[in-house]
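Structure, as structure tokens:
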2 protein chains.
Amino acid sequence: MVKIVDVAEAAQVSVATVSRALNNNARVDPVLVERVREAAERLGYRPNAVARNLRRQGTRVWALIITDINNPFYTAVARGVEDRAQEAGYSVLLCNTDEDQAKEDRYLQVAAQERVAGVILAPRSTVSDTSILEANGIPLVVVDRQLDREADFITGASFEGAVMATEHLIREGWQRPACITRPSDTDTTEQRRKGYEDVVRRHGLPETVRHVPFHTDGGVSAIRELFDGDDPPDSLLTVDSMLALGALTEVQRRGLRPGRDVGIIGFDDAVWTTVVDPPLSVVAQPAYEIGAEAARLLVRRIRGLGPATPQTLIMSTTLILRGSSRRVRRR
Amino acid sequence: MVKIVDVAEAAQVSVATVSRALNNNARVDPVLVERVREAAERLGYRPNAVARNLRRQGTRVWALIITDINNPFYTAVARGVEDRAQEAGYSVLLCNTDEDQAKEDRYLQVAAQERVAGVILAPRSTVSDTSILEANGIPLVVVDRQLDREADFITGASFEGAVMATEHLIREGWQRPACITRPSDTDTTEQRRKGYEDVVRRHGLPETVRHVPFHTDGGVSAIRELFDGDDPPDSLLTVDSMLALGALTEVQRRGLRPGRDVGIIGFDDAVWTTVVDPPLSVVAQPAYEIGAEAARLLVRRIRGLGPATPQTLIMSTTLILRGSSRRVRRR
DNA sequence: TTGTAAGCGTTATCAA
DNA sequence: TTGATAACGCTTACAA
């Protein structure tokens with residue numbers, strides 16, 4: 001592996017000059033610069049980033065820690081983060097925790113040990129422990145789900161989205177909307193549940209809520225019990241796209257048709273929402289923009305800019321009405 | 001930021017002893033080990049991985065470079081890689097190239113500079129240049145798409161999968177299957193096209209092939225032209241899940257029903273294949289296992305084990321028959 | 001078993 | 001403008 005001394009020797013200059021020439025920092029004789037460039041090129045020299053990071057006391061790498069790489073919401077966030085990171089000269093280490101708190105802890109530890117320049121985290125729960133970052137002076141931006149502790153935080157308007165969705169269902173004439181949500185230590189989905197409850201309560205309708213663990217069948221069994229029980233719902237609000245898939249699966253199994261026999265509305269506009277029949281109504285989040293804003297804020301934090309106190313940014317969600325939430329009279 | 005000397009001072013020992021105690025290498029007096037552990041704990045000491053990597057001349061990080069983070073095939077591969085990597089004590093840097101050769105080059109450069117322990121690459125094209133890894137002695141395992149140069153390579157049986165799929169379509173009675181594929185410098189999809197052509201040729205049927213660039217509408221416009229042209233196809237083989245989505249979109253727009261008016265079969269068993277109506281037939285690849293095997297091979301390469309010459313592993317694909325490829329007589 | 005000190009490959013300081 | 005050299009924080013001979 002060719003190193004800086006080899007280049008220096010080949011170009012007949014000191015290592016200091018090689019370093020300066022290649023990092024075009026201070027003024028270096030253009031003739032030497034050319035000689036160094038040529039030698040480096042010829043030898044195939046690649047600066048050792050590990051040594052550089054040690055000396056510079058900092059890396060050009062971020063860790064982006066998400067809970068589910070198969071959730072299109074998070075992959076869209078990741079693209080937003082990545083595009084902005086690249087612009088700012090950072091590489092992104094994408095880490096998938098699989099909704100596993102232990103994995104999240106491990107990744108936070110790795111991030112701290114590798115001295116990444118910053119972390120963007122979608123925490124497993126509201127009590128995720130990020131103190132290790134604080135202890136090592138690593139800036140943190142939280143996305144999607146809020147933490148108990150104060151931190152920069154960017155998310156979609158979950159509560160408002162759920163309110164819009166639930167009100168829409170009721171306006172369409174559905175009388176018994178149920179909410180299929182995630183475990184109650186997950187901030188964002190709790191916001192959605194609360195939005196739902198707020199509306200049904202205001203309308204004097206019964207509240208029906210089911211909490212579905214991650215890593216299950218997308219809520220199929222929970223939804224089945226719901227329909228098999230007393231007072232089955234006539235419509236469903238699901239808080240993420242996997243749960244919407246589960247709802248569609250169970251509804252189809254029962255021979256019910258969305259938009260006629262049952263109303264369905266989900267969160268997040270996955271690629272498949274327009275090819276199911278009827279197409280799925282959703283509350284869409286600006287996922288890419290959430291990622292991009294998180295990255296923008298992280299850059300400011302790394303540079304020591306931005307407001308003194310942690311900032312919260314709630315980006316508005318959009319109700320996309322398609323066939324699944326309508327209520328067409330049976331003929 | 002607390003470093004090893006701080007711990008040494010607090011524990012009243014030398015830095016060497018701290019290092020040895022924490023890495024439980026050589027024999028260290030248990031009493032001292034305990035004292036060091038306690039001091040490290042109390043001070044919140046985190047070894048600086050950058051310094052460690054420099055000294056050890058090696059990192060515990062892999063780069064996994066994929067072309068599309070939104071393609072469920074690649075995310076499944078990533079999970080396979082990650083699980084195995086974790087077992088072997090490595091962290092995975094997931095890099096998304098967006099089918100952009102320049103981005104791929106940049107990531108390869110970053111990987112080389114950061115001196116990652118190994119790289120798993122799904123290359124953009126057959127001519128991707130990985131020489132920078134070779135030059136730095138970084139082991140490489142190629143997944144999904146083959147390179148022109150020799151390298152360890154793991155993929156699904158694309159050709160055979162396409163053969164199975166096409167033969168199935170013909171057996172169902174479809175007379176004019178068309179193949180919707182990706183640009184011809186993409187190895188895997190070319191294999192699928194060839195499998196398709198092999199079968200239709202053998203049956204004396206016309207070959208109809210369309211190459212769809214990445215980053216488009218999932219082939220909707222190409223498929224539209226196909227149906228609007230002379231000799232429209234009566235069935236479709238699509239080589240990835242985004243193209244299947246495009247096919248479904250256009251077919252629905254035309255008011256055709258898969259499994260009756262048109263046969264459709266795709267590649268990769270995405271989560272949504274069972275909720276469309278009728279469910280989508282697919283050639284499923286063992287994506288998780290491809291990732292896991294790639295990781296397993298990479299570990300062997302890093303340890304200097306494994307066969308002397310590059311290895312190729314082709315994992316078998318499975319035909320999953322659902323409604324979309326049937327041919328039910330119109331009544 | 002423990003401590004001293006060299007060295008990993010860079011960058012930045014200081015003197016020339 | 002250039003060169004010699006001291007760090008950066010850790011691991012590991014080598015010596016004690």
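Reminder, nothing fancy here: chain letters follow the sequence lines and each chain counts from 1. This is a predicted model, so every value here is computed, not measured.
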**Asked** Partners of Arg115(B) by salt bridge (Lys or Arg N to Asp or Glu O under 4.0 Å), sequence neighbours excluded?
**Response** none
Using atom [atom1] of [X] as one end and atom [atom2] of [N] as the other, report the distance to the nearest whole Å.
X         : N       : atom1 : atom2 : value
Asp6(A)   : dC8(C)  : CG    : P     : 12 Å
Glu9(A)   : dG9(C)  : CD    : P     : 15 Å
Leu22(A)  : dT11(C) : CG    : P     : 8 Å
Asp29(B)  : dT1(C)  : CG    : C1'   : 8 Å
Arg52(A)  : dT11(C) : CZ    : C1'   : 9 Å
Met1(A)   : dG9(C)  : CE    : P     : 8 Å
Asn136(B) : dG9(C)  : CG    : P     : 12 Å
Leu32(B)  : dG3(C)  : CG    : C1'   : 12 Å

Check: residues 296-307 of chain A side-chain donor-acceptor pairs under 3.5 Å, at least two apart:
{"unit_1": "Arg296(A)", "atom_1": "NE", "unit_2": "Glu293(A)", "atom_2": "OE1", "d": "3.4"}
{"unit_1": "Arg296(A)", "atom_1": "NH2", "unit_2": "Glu293(A)", "atom_2": "OE2", "d": "2.9"}
{"unit_1": "Arg301(A)", "atom_1": "NE", "unit_2": "Asp152(A)", "atom_2": "OD2", "d": "2.5"}
{"unit_1": "Arg301(A)", "atom_1": "NH1", "unit_2": "Pro307(A)", "atom_2": "O", "d": "2.6"}
{"unit_1": "Arg301(A)", "atom_1": "NH2", "unit_2": "Asp152(A)", "atom_2": "OD1", "d": "2.9"}
{"unit_1": "Arg301(A)", "atom_1": "NH2", "unit_2": "Asp152(A)", "atom_2": "OD2", "d": "3.3"}
{"unit_1": "Arg301(A)", "atom_1": "NH2", "unit_2": "Pro307(A)", "atom_2": "O", "d": "3.2"}
{"unit_1": "Arg301(A)", "atom_1": "NH2", "unit_2": "Thr309(A)", "atom_2": "O", "d": "3.4"}

I'd like to check the side-chain contact (heavy atoms from CB on, under 4.5 Å) partners of [X]; sequence neighbours left out, ordered by chain and number.
X         : result
Glu38(B)  : Glu34(B), Arg42(B)
Arg60(B)  : Tyr90(B)
Ser19(A)  : Ile4(A), Asn23(A)
Arg106(B) : Gln86(A), Lys103(B)

**For chain A, the stretch of DNA chain D it reaches, first to last nucleotide, under 4.0 Å of its heavy atoms** = dT1(D) to dG9(D)
**Prompt:** In degrees rounded to 10°, what angle is found between the helical axes fit to the five outermost pairs at each end of the helix from dT1(C)-dA16(D) to dA16(C)-dT1(D)?
**Reply:** 40°
**Message:** Using 0.5 Å steps for rounding, measure from the OH atom of Tyr288(B) to the CD atom of Glu82(B).
**Reply:** 9.5 Å
**Prompt:** For Gln57(A) and dT10(C), is the shortest distance between a side-chain N/O and OP1 or OP2 below 4.0 Å?
**Reply:** no
Donor-acceptor pairs under 3.5 Å, side chain of residues 121-128 of chain A to any protein atom, not counting sequence neighbours: which ones?
{"unit_1": "Arg124(A)", "atom_1": "NH1", "unit_2": "Thr186(A)", "atom_2": "OG1", "d": "3.1"}
{"unit_1": "Arg124(A)", "atom_1": "NH2", "unit_2": "Asp185(A)", "atom_2": "OD1", "d": "3.2"}
{"unit_1": "Ser125(A)", "atom_1": "OG", "unit_2": "Val127(A)", "atom_2": "N", "d": "3.2"}
{"unit_1": "Ser128(A)", "atom_1": "OG", "unit_2": "Gln101(A)", "atom_2": "NE2", "d": "3.2"}
{"unit_1": "Ser128(A)", "atom_1": "OG", "unit_2": "Glu104(A)", "atom_2": "OE2", "d": "2.6"}
{"unit_1": "Ser128(A)", "atom_1": "OG", "unit_2": "Ser125(A)", "atom_2": "O", "d": "3.3"}

**Request:** Looking at every strand, decide which applies to Val13(A) at a 4.0 Å heavy-atom threshold: base, sugar-phosphate, or nothing.
**Result:** sugar-phosphate
**Message:** Does Asn23(B) reach a base, just sugar-phosphate, or nothing at all? Heavy atoms under 4.0 Å.
**Reply:** sugar-phosphate
**Message:** Using the ring pair (Phe, Tyr, Trp, His ring centres under 6.0 Å) criterion, which residues pair with Phe153(B)? Sequence neighbours excluded.
**Reply:** none
**Item:** Partners meeting side chain to side chain donor-acceptor pair (under 3.5 Å) with Asp6(A) (sequence neighbours left out)
**Value:** none
**Item:** Side chain proximity check, Asp144(A) to Tyr74(A), heavy atoms < 4.5 angstrom
**Value:** yes
Might you list the N or O atoms of the protein lying below 3.5 Å from N or O atoms in nucleotides 12-14 of chain C, with each pair's distance?
{"unit_1": "dA12(C)", "atom_1": "O4'", "unit_2": "Arg55(A)", "atom_2": "NH2", "d": "3.1"}

